[in-house]
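One structure is given here, and the rest of the page talks about it.
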Amino acid sequence: MKRYFMAILVLSLLNCNGTSNGKKETTEIETENNNDPYNYDYGMINPEAPKQTIEFGQLVGLWDCVSKDLVKDENGNEKWYTNKAFWKWEYILGGHAILNNWWQEDNSPNAVTKEYFASGVFIFNPETALWEITVMNSRPHKLSSQFQGNRMDDNLKISDTTKTWQITFHNITNDSFQWKYDIVTEEGNWKTLSEISAKKTIETE
């Protein structure tokens, strides 16, 4: 009986240590390359998702970006600063929603535009016929209020209820698109403060 319990103890220890016959056993999913944007599964649209999901879904993949930001220098003069960045878009929620991740190189001489990380979640609400969007980034360290998005002609627009700013995705093709951020000036005119030129780095099926 003592040998029986000893055998059970040994087998239990082997199972806890994940070893058998000197070989490690594991049920963990291999995570090697999961953080490599060049070896990544971007998911696919769910056939049961609203058909409008493809509007932002067409951006799924990895994009090599050049961003430009209009900021004031130490003398109060406006100047454009340029940065390089990556923008990754992928399907989430079983193909019913979209997540994007933006990471920007730390190479700008201006503190406002250097080393910037952001993520956004996009889902189409069929009841309102609008996209519902929430964004977070590394500067204010908080979630944004909910934004709304919609398609206008061949462009994708994002704004909020104040209508004092808007984001536009335009000139969208299979391998490139343009992005811009505009605000309403005191004179009531639109003024561009940021621009992005994106080129796809990986063919996403």
Side-chain angles (χ1 to χ4, degrees), residues 34-35 37 40 42-43 53 55-57 59-93 96-125 128 130-152 155-170 172 177-199 201:
N34 277 7
N35 294 323
Y40 196 85
Y42 297 91
T53 305
E55 292 175 354
F56 278 100
L59 302 179
V60 164
L62 180 66
W63 302 84
D64 188 10
C65 300
V66 175
S67 67
K68 293 168 55 179
D69 298 282
L70 183 64
V71 296
K72 291 184 178 181
D73 61 19
E74 61 276 7
N75 298 318
N77 300 316
E78 291 185 331
K79 181 179 179 180
W80 286 97
Y81 288 90
T82 301
N83 294 83
K84 291 183 179 180
F86 286 106
W87 210 353
K88 182 173 70 176
W89 295 68
E90 60 185 300
Y91 284 109
I92 58 171
L93 202 66
H96 286 267
I98 296 158
L99 168 72
N100 71 34
N101 288 291
W102 169 276
W103 61 101
Q104 186 165 289
E105 295 180 359
D106 184 14
N107 64 350
S108 174
N110 187 280
V112 175
T113 60
K114 69 187 296 184
E115 196 179 39
Y116 177 55
F117 304 93
S119 296
V121 176
F122 297 63
I123 189 167
F124 186 82
N125 185 339
T128 62
L130 292 172
W131 282 87
E132 296 181 358
I133 302 161
T134 300
V135 177
M136 55 185 169
N137 64 61
S138 58
R139 288 175 185 158
H141 258 264
K142 63 180 182 181
L143 286 172
S144 70
S145 57
Q146 184 175 292
F147 305 145
Q148 293 80 42
N150 67 312
R151 179 178 179 178
M152 298 182 64
N155 299 332
L156 300 173
K157 300 272 189 179
I158 299 174
S159 188
D160 63 8
T161 56
T162 68
K163 303 301 181 183
T164 58
W165 62 270
Q166 69 176 10
I167 288 171
T168 305
F169 294 78
H170 58 105
I172 303 171
F177 68 85
Q178 302 291 315
W179 177 103
K180 65 175 182 173
Y181 169 66
D182 299 320
I183 63 167
V184 177
T185 65
E186 295 180 356
E187 294 76 22
N189 301 316
W190 287 106
K191 180 178 181 179
T192 301
L193 296 184
S194 296
E195 296 179 344
I196 297 172
S197 296
K199 184 176 181 180
T201 59

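The backbone N or O of Asn77 sits nowhere less than 3.5 Å from a side-chain atom of Asn75 that would complete a donor-acceptor pair.
Ile123 contributes atom CD1, which lies 12.0 Å from atom CG of Leu99 (distance to the nearest 0.5 angstrom). In this structure, CZ in Phe169 is found 11.0 Å from CG in Asn155, a value given to the nearest 0.5 Å. The CD atom of Gln146 sits 5.5 Å away from the OG1 atom of Thr134 when rounded to the nearest 0.5 Å. Annotation: the span from Leu130 atom CG to Ser159 atom OG amounts to 11.0 Å, rounded to 0.5 Å. In this structure, Met136 CE and His141 NE2 are separated by 10.5 Å, a value rounded to the nearest 0.5 Å. One distance of note links OG1 of Thr201 with CH2 of Trp63; it measures 9.0 Å at 0.5 Å rounding.
The side-chain heavy atoms of Thr168 and Gln166, taken from C-beta on, include a pair separated by under 4.5 Å. Ile92 places a side-chain heavy atom less than 4.5 Å from the side chain of Val121. Between Thr192 and Leu70, every side-chain heavy-atom pair lies at or beyond the 4.5 Å cut-off. Side-chain contact check for Trp87 versus Leu59: every heavy-atom pair is 4.5 Å or farther apart. Side-chain contact between Ile158 and Phe56 is present, with heavy atoms from C-beta onward closer than 4.5 Å.
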Legend entry - Check against side-chain contact (heavy atoms from CB on, under 4.5 Å), Trp190 and Val184: CA-CA 5 Å; Trp190 287 106; Val184 177; 3.6 Å; yes
Legend entry - Steps toward side-chain contact (heavy atoms from CB on, under 4.5 Å) verdict (Tyr42, Leu62): CA-CA 9 Å; Tyr42 297 91; Leu62 180 66; 3.3 Å; yes
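Nearest heavy-atom pair, Ser67 versus Ile196, reported as atom, atom and distance to 0.1 Å: CB-CG1, 4.0 Å. What you find for Gly57 and Tyr91 is that their closest heavy atoms are CA-OH, 3.3 Å.
Remark: of the listed residues Asp160, Thr161, Thr162, Thr162 is the sole one forming a side-chain hydrogen bond (donor to acceptor under 3.5 Å, both in side chains) with Thr164.
Remark: Asn125 pairs with Glu132 by the side chain to side chain donor-acceptor pair (under 3.5 Å) rule, at least two apart or across chains. Shown here are the side chain to side chain donor-acceptor pair (under 3.5 Å) partners of Ser138, two or more places apart in sequence or in another chain: there are none. Checked against side chain to side chain donor-acceptor pair (under 3.5 Å), Trp102 has the following partners two or more places apart in sequence or in another chain: Gln104. The ring pair (Phe, Tyr, Trp, His ring centres under 6.0 Å) search around Phe124 returns Trp131, not counting sequence neighbours. Judged as a ring pair (Phe, Tyr, Trp, His ring centres under 6.0 Å), and not counting sequence neighbours, the contacts of Trp165 are Phe147.
Within the structure, every pair that satisfies the salt bridge (charged side-chain N to carboxylate O under 4.0 Å, His left out) test and touches residues 188-199, not counting sequence neighbours, is listed here: Lys68-Glu195, Glu78-Lys191.
Within a 6.0 Å radius of CD in Glu187, other residues, nucleotides and ligands contribute more than 12 heavy atoms.
Note on ring orientation: taking the six-membered ring where Trp is involved, the planes of Trp179 and Tyr181 are parallel (angle under 30°, cut-offs 30° and 60°).
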